[in-house]
Amino acid sequence: MYTTLLTHNDNGIFTITINRPEKLNALNGQVIAELEAVMHEVYTNPSIKSVLLTGAGEKSFVAGADISEFIGAGSAGGKTLARRGQDLFFKIENCPKVVIACVNGFALGGGCELAMACHFRLASENAKFGQPEVNLGIMPGYGGTQRLVQLIGKGRALELMLTGGMIDASAAFASGLVNHVVVPDQLLTKAKEIATLIQSKAPVAVAKCIEAANAVYNEALNGYETELNAFSACFDTTDMVEGTTAFLEKRKPVFTGK
Ligand code: COA
């Protein structure tokens with residue numbers, strides 16, 4: 001069904017692998033279109049409970065937008081590219097099911113931006129992060145200027161963006177860009193462990209946590225008001241009744257997502 005993505009559903013954990021290893025999984029128009037389609041699948045398929053996003057091969061998560069498609073775009077073309085990338089990454093960021101980036105090598109430019117649009121990130125020891133767009137005479141355009149500042153602070157973010165350099169996995173961990181650093185062959189195992197734990201929680205409560213956390217960075221919303229509404233919506237769920245009753249009855253809850 002997809003030509004540039006591999007997908008696999010293992011007990012609700014849906015792994016999406018960007019599969020252009022010969023181009024270090026660079027995001028060309030085809031990959032972007034298929035990521036749009038796969039996110040529609042994630043939103044609408046109830047058998048998908050959580051998502052892991054990674055890159056094929058041992059070298060790269062995603063080495064950026066496909067530079068060969070930039071030539072001759074002009075400012076209007078640049079705006080179209082950025083708008084499409086931003087819209088796709090908003091879809092990932094606002095996904096009600098958890099999306100975890102498993103960064104298995106280079107996460108550069110659009111690749112770093114893609115990882116940052118995910119809810120959190122795990123990295124293998126060989127991962128490298130950067131926003132090298134200034135080396136090409138451009139700048140991050142898929143939300144990177146905003147999310148990098150949000151995640152690691154303005155000073156560190158601007159140093160990375162302005163120098164066009166890279167940081168390794170341990171520096172990414174120290175700056176809060178990634179939550180865990182593991183040996184390469186443990187990357188998906190560790191991510192699956194975390195996804196399994198999250199899948200055992202009430203799905204509406206998980207979705208509402210994501211919605212409220214995202215509201216922090218949305219100037220159109222009042223985060224506390226969003227939290228209030230999200231909190232109260234949980235009280236309308238049967239999972240809330242199940243969770244609280246199970247606690248009082250000293251048993252494990254069985255959540256249904258309702
Ligand atoms: N767009 C298009 N093609 C890319 C790419 C990108 N962002 N990143 C890598 N590739 C391609 C290379 O052109 C090369 O293709 P070829 O074999 O047909 O020549 C292939 O992927 C392998 O990359 P290569 O540069 O030979 O690997 P390397 O190990 O020497 O270097 C990088 C790895 C990541 C340091 C280097 O590929 C790089 O700097 N990539 C661009 C990163 C970037 O600027 N991203 C932001 C884009 S906005």
Side-chain angles (χ1 to χ4, degrees), residues 2-6 16-36 53-93 101-118 121-152 156-172 175 177-178 181 184 187:
Y2 301 109
T3 59
T4 62
L5 305 179
L6 304 171
I16 303 169
T17 306
I18 299 174
N19 189 28
R20 284 186 85 204
E22 71 290 352
K23 295 289 179 189
L24 305 186
N25 305 318
L27 304 173
N28 64 3
Q30 179 76 15
V31 178
I32 295 283
E34 294 191 359
L35 284 172
E36 288 164 352
L53 186 58
T54 193
E58 288 163 10
K59 197 169 161 183
S60 183
F61 173 69
V62 169
D66 193 311
I67 297 166
S68 68
E69 294 184 351
F70 287 172
I71 308 292
S75 67
K79 198 173 221 172
T80 304
L81 278 171
R83 178 84 67 202
R84 192 171 182 194
Q86 285 193 3
D87 286 349
L88 168 64
F89 290 6
F90 282 136
K91 268 263 179 282
I92 295 171
E93 183 168 58
C102 302
V103 180
N104 57 309
F106 292 114
L108 302 175
C112 188
E113 292 172 298
L114 175 61
M116 291 191 294
C118 296
R121 289 142 292 284
L122 272 57
S124 57
E125 285 170 340
N126 63 322
K128 290 229 165 24
F129 297 81
Q131 296 291 162
E133 288 88 346
V134 287
N135 299 329
L136 304 168
I138 54 172
M139 58 173 284
Y142 294 179
T145 60
Q146 307 303 295
R147 293 194 182 95
L148 194 59
V149 172
Q150 291 163 8
L151 285 165
I152 69 173
R156 283 172 165 152
L158 276 175
E159 185 176 343
L160 210 50
M161 285 190 262
L162 301 184
T163 61
M166 295 184 209
I167 56 171
D168 63 15
S170 60
S175 64
L177 190 54
V178 303
V181 179
L187 184 62

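Just follow the structure's listing: the first ligand is 1, and inside any ligand the first atom is 1. Sequential numbering from 1 along the given sequence is applied to the chain's residues.
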Hey, is the main chain of [Y] close enough, under 3.5 Å, to the side chain of [X] for a donor-acceptor pair?
X    : Y    : result
N19  : L6   : no
E93  : C118 : no
N104 : S60  : yes
S124 : V103 : yes
Q30  : T3   : no

Looking at [atom], what's its closest protein heavy atom, distance included?
atom                    : value
atom 5 (C) of ligand 1  : A26 CB, 4.0 Å
atom 4 (C) of ligand 1  : K23 O, 4.0 Å
atom 17 (O) of ligand 1 : E22 O, 4.4 Å

Over all atoms of both residues, closest heavy-atom pair of [X] and [Y]:
X    : Y    : answer
V178 : A123 : CG1-CB, 4.0 Å
L177 : R121 : O-NE, 2.7 Å
A107 : C112 : O-CB, 3.3 Å
A26  : R20  : O-NH1, 2.9 Å
A82  : Y142 : CA-CE2, 3.8 Å

Can you find an N or O of [X] that's nearer than 3.5 Å to an N or O of ligand 1?
X    : value
M166 : no
S68  : no
A65  : yes
I67  : yes

*asked:* Heavy atom to atom 32 (C) of ligand 1, shortest distance: which of N135, L81, L24 holds it?
replied: L24
*asked:* Nearest non-hydrogen contact with atom 45 (N) of ligand 1 belongs to which option: A107, A63, G109?
replied: A63
Could you tell me whether [atom] has a protein heavy atom closer than 4.0 Å?
atom                    : answer
atom 7 (N) of ligand 1  : yes
atom 30 (O) of ligand 1 : no
atom 19 (O) of ligand 1 : no
atom 26 (O) of ligand 1 : no
atom 15 (O) of ligand 1 : yes
atom 38 (C) of ligand 1 : no
atom 43 (C) of ligand 1 : yes
atom 12 (C) of ligand 1 : no

_Stepwise side-chain contact (heavy atoms from CB on, under 4.5 Å) check, E34 with V31_ = CA-CA 5 Å; E34 294 191 359; V31 178; 5.9 Å; no
Within ligand 1, which atoms have a heavy atom of [X] less than 4.0 Å away?
X    : answer
K59  : 27 (O), 28 (P), 29 (O)
L108 : 34 (C), 42 (C)
F70  : 48 (S)

*For D66 and L27, what are the C-alpha separation, side-chain angles and deciding distance, and is it a side-chain contact (heavy atoms from CB on, under 4.5 Å)?*
CA-CA 5 Å; D66 193 311; L27 304 173; 5.9 Å; no
*Is there a heavy atom in Q131 that sits closer than 4.0 Å to ligand 1?*
no
*Please report the C-alpha distance between L114 and L53 in whole Å, then the side-chain angles of each, then the deciding distance to 0.1 Å, and finally whether the side-chain contact (heavy atoms from CB on, under 4.5 Å) criterion is met.*
CA-CA 9 Å; L114 175 61; L53 186 58; 3.8 Å; yes
